[in-house]
Amino acid sequence: MSNYVFLIDAQKTPMNPIHPVQARKLLDSGKAVVFRRYPFTLILKRVIENPVVYPMTLKIDPGSKVTGISLVTDRNDVIWGMELEHRGQLIKSALDSRRAVRRGRRNRNTRYRKARFLNRNRPPSWLAPSLLHRVLTTETWVKRLCKFVPISEIRQELVRFDTQKVDKPEISSTEYQQGTLFGYEIREYLLAKWNRKCAYCSAENVPLQVEHIRPKAKGGTNRISNLCLACEKCNTNKGIKPIEQFLKKKPDLLKRILDQAKRPLKDAAAVNSTRWALFDRLQKMGLSVTTGTGGQTKYNRLRLELPKTHWLDAACVGMTETLHVRTQLILKVKATGMGGRQRCQTNKYGYPIKHRPLRPIFGFCTGDIVRAVVPKGKYKGTFTARVCPMSDGRGEFVIDNKRRSVKLDYCTPVHRKDGYSYAF
């Protein structure tokens, strides 16, 4: 069963969400038309005086990569679900690339200028752009849903991860207070941890270098759990290759090294950093905001025997006696951004390869969702997908991981770009 359909009257007043069968009857009878595709919303052709609506609770399970959102009625019916995929890592990669380009340009042109550090003032509640993005996109969707649904309460999972416990579950007592590196320098700690041997070839009595198990170029960090020791030959041969590719012919060695390495804690740190910022923004919306713990969410999910998904975790947030799941086909949203403002597109070496017009091409922009009706040719048929318009009057589509090129004359806009891509 798919999500319930949102309904508003002619004055755009939110009404109770309706079953998909009722939505089809309203469309067939001509009493309503499609107002918005994502989320799917109908608008009535008349005004409803003094509408009777039941209170809806919007439940949120914030995550580092994916945030789950559910709508629950006063009868504990889960009628709508959504999973919002963030693009925090893409933002960080873009900022790292920009920083490298600017640093290179300054070194070439203004090497005489004295280096300046800490010359920017940050407010006390400052968040990194990749973290702030997670807060803003969640807030955007909450405001969007409030336009179409009579929401009376918001419940947020306010979880805090103990990163030291996640890294080492058995840690306790004074060891927990003092930390992993108490009494060690980093290099001495690594020598003791890896038995003064190369992690890849087990060479002894040779100069050892500090090596990143997951390369920094691939998103690795300087955390002690991502460091090992390697001889110069192994370190050079590995380079920036992922360890899975470097040791693909030695699965036993790969398993041994990964067993010693700990799982990354970037996701837990991101949730810890953004949880209060999101809570403060939700409170400013004027609705009642309550919180629940992560343990309470897990307890409710296991007690109700629900599968582990982001949107069902959101439905289990807070005090929940029972739940009736009325939907299975949920909306999956991926944050893609509104595109860059760079007219000259370059390759990975910084050389210009093509010109990008920033205005619509034949009425279409990259990211628009269109319906293409192709009457003849190789791609004959009807399909709906995101389009990338070209100056020659054709548009590129990606369907089933295959590129298709179709005339823009065959396309009709379904949903204009808004910085997200949608799927079910």
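This one's a predicted model, so the numbers in the text were calculated from it and none came from an experiment.
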> How close do Pro389 and Cys365 get, heavy atom to heavy atom, and via which atoms?
Replying inline: CD-C, 3.8 Å

> Glu244 side chain to Leu254 main-chain N or O, any donor-acceptor pair under 3.5 Å?
Replying inline: no

> Can you tell me if Lys59 uses its side chain to pair, donor with acceptor, with the backbone of Ala315 under 3.5 Å?
Replying inline: yes

> Are the side chain of His133 and the backbone N or O of His86 linked by a donor-acceptor pair below 3.5 Å?
Replying inline: no

>> Less than 4.5 Å apart, side chain to side chain, heavy atoms only: is that true for Pro14 and Val53?
In response: no

> Less than 4.5 Å apart, any side-chain heavy atom of Val52 and any of Asn16?
Replying inline: no

>> Under the criterion side-chain contact (heavy atoms from CB on, under 4.5 Å), I'd like the reasoning laid out for Met56 against Ile79: C-alpha separation, chi angles, the key distance, then a yes or no.
In response: CA-CA 10 Å; Met56 301 283 297; Ile79 62 173; 3.4 Å; yes

> Got a donor-acceptor contact below 3.5 angstrom from the Asn3 side chain to the Gly81 backbone?
Replying inline: yes

> Which heavy atom in Ile69 sits nearest to a heavy atom in Ala314, and how many Å separate them?
Replying inline: N-CB, 4.0 Å

> Are more than 12 heavy atoms from other residues, nucleotides or ligands located less than 6.0 Å from atom OH of Tyr54?
Replying inline: yes

>> Looking at every heavy atom in both Asp61 and His310, which two are closest together, and how far apart are they?
In response: OD2-O, 3.9 Å

>> Could you check whether any side-chain heavy atom of Cys146 comes within less than 4.5 Å of a side-chain heavy atom of Leu287, counting everything from C-beta outward?
In response: yes

>> Check whether Arg404 reaches the backbone of Lys378 with its side chain - one donor and one acceptor, N or O, closer than 3.5 Å.
In response: no

> Say you draw a straight line from CZ of Arg386 to OG1 of Thr366; how long is it, rounded to the nearest 0.5 Å?
Replying inline: 8.0 Å

> Should we count CZ of Arg303 as having more than 12 external heavy atoms under 6.0 Å?
Replying inline: yes

> Can Asp28 and Lys25 be counted as an ion pair, charged N to O under 4.0 angstrom?
Replying inline: no

> Do other residues, nucleotides or ligands put more than 12 heavy atoms under 6.0 Å from Arg24 CZ?
Replying inline: no

>> So which atom in Phe362 and which in Ser391 form the shortest heavy-atom distance, rounded to 0.1 Å?
In response: CE1-O, 3.7 Å

> Is it true that a side-chain atom of Asp96 and a backbone atom of Ala217 form a donor plus acceptor pair closer than 3.5 Å?
Replying inline: no

>> Applying side-chain contact (heavy atoms from CB on, under 4.5 Å) to Val78 and Val72, what does each step give before you reach the verdict?
In response: CA-CA 5 Å; Val78 184; Val72 183; 4.1 Å; yes

>> Check the orientation of Tyr422 and Tyr38. Use parallel for under 30°, tilted for 30 to 60°, and perpendicular for over 60°.
In response: parallel

>> Asp252 vs Arg256, test: salt bridge (Lys or Arg N to Asp or Glu O under 4.0 Å). Steps then yes/no.
In response: CA-CA 6 Å; Asp252 295 336; Arg256 180 177 65 81; over 6 Å; no

> Can you tell if the side chain of Asn235 reaches within under 4.5 Å of the side chain of Tyr200, non-hydrogen atoms only?
Replying inline: no

> Going from CG on Leu323 to CZ on Arg301, what distance comes out if it is rounded to the nearest 0.5 angstrom?
Replying inline: 12.5 Å

> Just by distance, do the side chain of Asn226 and the backbone of Asn222 share a donor-acceptor pair under 3.5 Å?
Replying inline: no

> What do the steps show when you test Met285 against Val142 for side-chain contact (heavy atoms from CB on, under 4.5 Å), and what is the final call?
Replying inline: CA-CA 9 Å; Met285 298 181 62; Val142 171; 3.5 Å; yes

>> In this structure, is the centre-to-centre distance between the rings of Phe397 and Tyr379 below 6.0 Å?
In response: no

>> What's the separation between atom CZ in Arg37 and atom CZ in Arg416, rounded to the nearest 0.5 Å?
In response: 13.5 Å

>> When you compare the side chain of Leu42 with that of Val34, does any pair of heavy atoms fall below 4.5 Å?
In response: yes

> So, does Thr138 use its side chain to make a donor-acceptor pair with the main chain of Arg134 at under 3.5 Å?
Replying inline: yes

>> Any side-chain to backbone donor/acceptor pair from Asn300 onto Gly318? Under 3.5 Å, distance only.
In response: yes

> What closest approach, in Å, do Ser273 and Leu127 show between heavy atoms, and which atom pair accounts for it?
Replying inline: O-CD2, 3.7 Å

>> Is it the case that the side chain of Arg326 and the backbone of Asp77 share a donor-acceptor pair, with hydrogens and angles ignored and the cut-off at 3.5 Å?
In response: no

>> What I want to find out is whether Arg144 reaches Asp418 closely enough, with some N-O distance under 4.0 Å, to be called a salt bridge.
In response: yes

> From Lys238 NZ over to Ile240 CD1, what is the distance, rounded to the nearest 0.5 angstrom?
Replying inline: 9.5 Å

> Hey, are the side chains of Met390 and Ile361 touching, using non-hydrogen atoms and a 4.5 Å cut-off?
Replying inline: no

>> Check Asp9 with Arg46, please: is the shortest side-chain N to carboxylate O separation under 4.0 Å?
In response: no

>> Between Ser130 and Gln89, is there a side-chain heavy-atom distance shorter than 4.5 Å?
In response: no

> CZ of Arg356: more than 12 outside heavy atoms within 6.0 angstrom?
Replying inline: yes

>> What's the separation between atom CD1 in Ile369 and atom CZ in Phe364, rounded to the nearest 0.5 Å?
In response: 13.0 Å

> Are Lys284 and Asp280 ion-paired here, with the side-chain N under 4.0 Å from a carboxylate O?
Replying inline: no

>> As a quick check of understanding, evaluate side-chain contact (heavy atoms from CB on, under 4.5 Å) for Leu253 and Phe246, giving each step before the final call.
In response: CA-CA 11 Å; Leu253 178 60; Phe246 180 60; over 6 Å; no

> Picking from Thr67, Ile330, Val333, what satisfies side-chain contact (heavy atoms from CB on, under 4.5 Å) with Glu83?
Replying inline: Ile330

> Between Ala335 and Tyr420, which heavy-atom pair has the shortest distance, and what is it?
Replying inline: CA-CD2, 3.7 Å

> Using 30° and 60° as the class limits, which term best fits the ring planes of Trp276 and Phe279: parallel, tilted or perpendicular?
Replying inline: perpendicular

>> To the nearest 0.5 Å, what is the distance between CG on Asn272 and CZ on Arg275?
In response: 6.0 Å

>> I want to check something: taking the side chain as every heavy atom from C-beta on, are Ile48 and Met15 in contact at a cut-off of under 4.5 Å?
In response: yes

> Trp80 pairs by ring-ring contact (aromatic ring centres under 6.0 Å, His included) with which of Phe6, Trp311, Phe40, Trp141?
Replying inline: Phe6

